[in-house]
Amino acid sequence: MIQHIKYFIIPLLIFTSVSCQQSTKPAKEKPVKSENISNISVKDIRVFVFYKSFGFCNSMVDYFTQKEAEDLYADKIFNIKKNEEKEIDLFSVLDEEKWNCLKENLNLQNTSQIKVVKTKEDFPFDNLLLINDKYLLVSRDGYFFVFATKEKQKILVSDEKNNRDNLENFTSLFDVKLTGLSVVNDKKKKLFEKYGLDFTMLCNCNSPSMYVSNTSKDFTIFNYCDQADVKNIKNKFTSKITKLEVVNKKLVISTVSGLKISFEKFENENLFEMKVLEGKFPLKYVGTDVKSIYTTQPEKFQKVNCGDYSG
């Protein structure tokens with residue numbers, strides 16, 4: 001009997017010893033994910049640098065001058081990780097007016113993809129908007145501050161420089177009254193005899209003139225017969241210019257009101273053909289006979305004689 005117990009206990013001790021060794025062996029630790037950038041693939045990180053700033057299109061708030069706004073975040077750089085991005089509904093973060101302002105200034109479409117990027121930085125960098133994976137947006141104090149990927153920023157800056165160079169061809173159109181002209185004598189070949197100021201404009205006072213300010217960025221429409229300084233004219237239409245660009249050798253002006261028009265040089269350096277591209281040309285108080293040709297030098301052209309006509 002004792003022999004049987006002996007043979008039973010020995011294997012049991014061996015089993016117990018092995019089991020203890022297995023249970024006391026330290027478990028293999030699972031690797032802990034680190035948030036350190038060195039552990040994240042370079043492909044998952046995008047670097048954004050400052051591109052441009054502009055005010056809310058319908059805002060009268062002026063916390064900054066444009067120069068101050070441009071300088072404020074000029075040296076700011078963002079390293080954005082893919083896992084910080086979350087796609088959201090456009091109008092859950094932007095109202096229609098602000099979105100229209102962004103569309104005008106960044107040439108966006110309603111189909112644009114919008115993501116929110118949550119960071120560990122302080123306001124206003126804690127919640128950023130990422131648009132089409134190209135633009136990173138910060139807003140504060142009536143201004144939008146736009147950042148772009150390094151590659152995109154180089155292209156954008158180059159394009160804007162080209163646009164500024166092209167705008168130089170239209171400097172004669174800025175900050176001067178634009179007066180509408182009609183063909184007053186189609187048999188004449190000389191420019192200043194063929195075109196002129198017609199009866200409707202001079203005698204009926206029913207034609208609008210325009211003024212494009214490249215300093216205040218205002219686009220103003222007023223009646224030709226109101227010869228006061230533009231800023232002192234009471235009955236006028238004024239809208240902020242959101243974009244000035246040259247497209248196919250035409251100056252295209254976009255405004256907050258939705259009116260978009262183009263000017264193309266026509267036969268002469270100071271003669272322009274005007275077309276309405278989008279929106280409705282305002283007629284109230286300014287006249288209903290909208291001309292298609294405008295000049296910066298009306299004094300050089302023919303003028304009809306109103307005679308005794310008093311309107």
Side-chain angles (χ1 to χ4, degrees), residues 167-241 244 246-255 257 259-311:
L167 285 174
E168 291 294 321
N169 295 324
F170 290 91
T171 51
S172 62
L173 183 146
F174 298 134
D175 300 303
V176 64
K177 289 183 178 180
L178 298 170
T179 302
L181 297 175
S182 300
V183 176
V184 293
N185 193 336
D186 57 4
K187 294 180 181 179
K188 296 289 186 179
K189 291 185 178 181
K190 289 184 179 180
L191 196 67
F192 299 115
E193 296 176 356
K194 180 179 179 180
Y195 298 98
L197 284 68
D198 65 10
F199 189 89
T200 304
M201 172 175 281
L202 291 176
C203 311
N204 282 334
C205 290
N206 192 33
S207 292
S209 294
M210 288 177 274
Y211 191 92
V212 182
S213 174
N214 198 29
T215 50
S216 67
K217 293 296 185 285
D218 285 328
F219 176 65
T220 305
I221 303 172
F222 55 97
N223 188 273
Y224 165 78
C225 290
D226 200 333
Q227 292 295 307
D229 288 340
V230 174
K231 63 182 180 181
N232 296 326
I233 297 175
K234 293 183 179 180
N235 295 322
K236 61 186 176 185
F237 168 87
T238 300
S239 185
K240 279 291 180 185
I241 297 171
L244 284 171
V246 178
V247 181
N248 296 328
K249 297 183 178 180
K250 298 177 184 177
L251 175 69
V252 178
I253 302 172
S254 301
T255 68
S257 68
L259 180 65
K260 180 186 281 189
I261 64 172
S262 68
F263 287 98
E264 183 177 15
K265 286 187 178 181
F266 180 74
E267 291 193 39
N268 178 279
E269 283 295 308
N270 295 303
L271 209 58
F272 303 90
E273 183 179 11
M274 188 277 292
K275 289 183 180 179
V276 176
L277 304 179
E278 291 180 15
K280 193 173 182 180
F281 195 95
L283 304 175
K284 191 175 182 180
Y285 303 126
V286 301
T288 58
D289 186 17
V290 182
K291 308 300 185 185
S292 61
I293 300 171
Y294 287 81
T295 182
T296 58
Q297 299 176 325
E299 66 280 358
K300 292 186 176 182
F301 292 86
Q302 297 289 318
K303 291 184 179 181
V304 298
N305 187 348
C306 294
D308 295 329
Y309 183 79
S310 59

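Note that the structure is predicted; figures quoted are calculated from it, not measured.
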Subject >> Greater than 12 external heavy atoms within 6.0 Å of Y285's OH >> reply: no
Original post:
For the residue pair G287 and P208, what are the closest heavy atoms and their distance?
Top reply: O-CD, 3.9 Å
**OP:** Measure the CG-SG distance between D226 and C205 for me, rounded to the nearest 0.5 Å.
**Re:** 9.5 Å
**OP:** Can you sort out the partners of V176 under side chain to side chain contact (heavy atoms under 4.5 Å, CB included), two or more places apart, ordered by chain and number?
**Re:** T296
Original post:
Roughly how far, to the nearest 0.5 Å, is the CD1 atom of I261 from the CD1 atom of I253?
Top reply: 4.5 Å
**OP:** Please lay out, stage by stage, how N214 and L167 fare under the test side chain to side chain contact (heavy atoms under 4.5 Å, CB included).
**Re:** CA-CA 11 Å; N214 198 29; L167 285 174; over 6 Å; no
Original post:
Pairs in or reaching into residues 199-218: which pass salt bridge (Lys or Arg N to Asp or Glu O under 4.0 Å), with residues at least two apart or in two chains?
Top reply: D218-K240
**OP:** Report the residues that fulfil side-chain hydrogen bond (donor to acceptor under 3.5 Å, both in side chains) with N185, sequence neighbours left out, ordered by chain and then residue number.
**Re:** none
**OP:** Grab the two heavy atoms, one from V304 and one from C203, that are nearest each other, plus how far apart they are.
**Re:** CG2-SG, 4.4 Å
Subject >> Expected output: side-chain K265 to main-chain N169 donor-acceptor under 3.5 Å >> reply: yes
Subject >> Pairwise ring-ring contact (aromatic ring centres under 6.0 Å, His included) hits with a residue in residues 289-308, at least two apart >> reply: F192-F301
**OP:** Using side chain to side chain contact (heavy atoms under 4.5 Å, CB included) as the criterion, list what pairs up with D229, not counting sequence neighbours.
**Re:** K231, N232
Subject >> Q227: partners by side chain to side chain contact (heavy atoms under 4.5 Å, CB included), with sequence neighbours left out >> reply: K177, Y224
**OP:** Using salt bridge (Lys or Arg N to Asp or Glu O under 4.0 Å) as the criterion, list what pairs up with D175, not counting sequence neighbours.
**Re:** none
Original post:
How about L181 and F266: do any of their side-chain heavy atoms sit closer than 4.5 Å?
Top reply: no
**OP:** Quick one: list whatever passes salt bridge (Lys or Arg N to Asp or Glu O under 4.0 Å) with E278, sequence neighbours left out.
**Re:** K260
**OP:** Give, for atom CD of E264 and atom NZ of K250, the distance between the pair rounded to the nearest 0.5 Å.
**Re:** 5.0 Å
Subject >> Validation row: L259, I221 side chains within 4.5 angstrom (heavy atoms) >> reply: yes
Original post:
Are I241 and V212 close enough that some pair of their side-chain heavy atoms sits under 4.5 Å apart?
Top reply: yes
Original post:
Taking only residues two or more places apart in sequence or in another chain, which ones pass side chain to side chain contact (heavy atoms under 4.5 Å, CB included) with S239?
Top reply: F237, T255, V256, S257
Subject >> Gap separating the CG atom of L173 from the CE atom of M274, nearest 0.5 angstrom >> reply: 11.5 Å
**OP:** Could you give me the CA-CA distance, side-chain angles and deciding distance for F272 and L251, then say whether side chain to side chain contact (heavy atoms under 4.5 Å, CB included) is met?
**Re:** CA-CA 10 Å; F272 303 90; L251 175 69; over 6 Å; no
Original post:
Between atom CG of L202 and atom SG of C225, what is the distance when rounded to the nearest 0.5 Å?
Top reply: 7.0 Å
Subject >> Heavy-atom pair with the smallest gap, counting every atom of M210 and F281 >> reply: SD-CE1, 4.1 Å
Side-chain donor-acceptor contacts of residues 194-201 below 3.5 Å, not counting sequence neighbours, with atom names and distances?
unit_1 : atom_1 : unit_2 : atom_2 : d
Y195   : OH     : E267   : OE2    : 3.3
D198   : OD1    : T200   : N      : 3.4
D198   : OD1    : M201   : N      : 3.0
D198   : OD1    : K291   : NZ     : 3.4
D198   : OD2    : S182   : OG     : 2.8
D198   : OD2    : K291   : NZ     : 2.5

Subject >> Non-neighbouring partners of T238 that pass side-chain hydrogen bond (donor to acceptor under 3.5 Å, both in side chains), sequence neighbours left out >> reply: T220
Original post:
Are the side chains of T295 and K300 in touch, meaning some heavy atoms are under 4.5 Å apart?
Top reply: no
Original post:
Taking atom OG of S292 and atom NZ of K275, what is their separation to the nearest 0.5 Å?
Top reply: 9.0 Å
Subject >> Which residues share a ring-ring contact (aromatic ring centres under 6.0 Å, His included) with F170, sequence neighbours left out >> reply: none
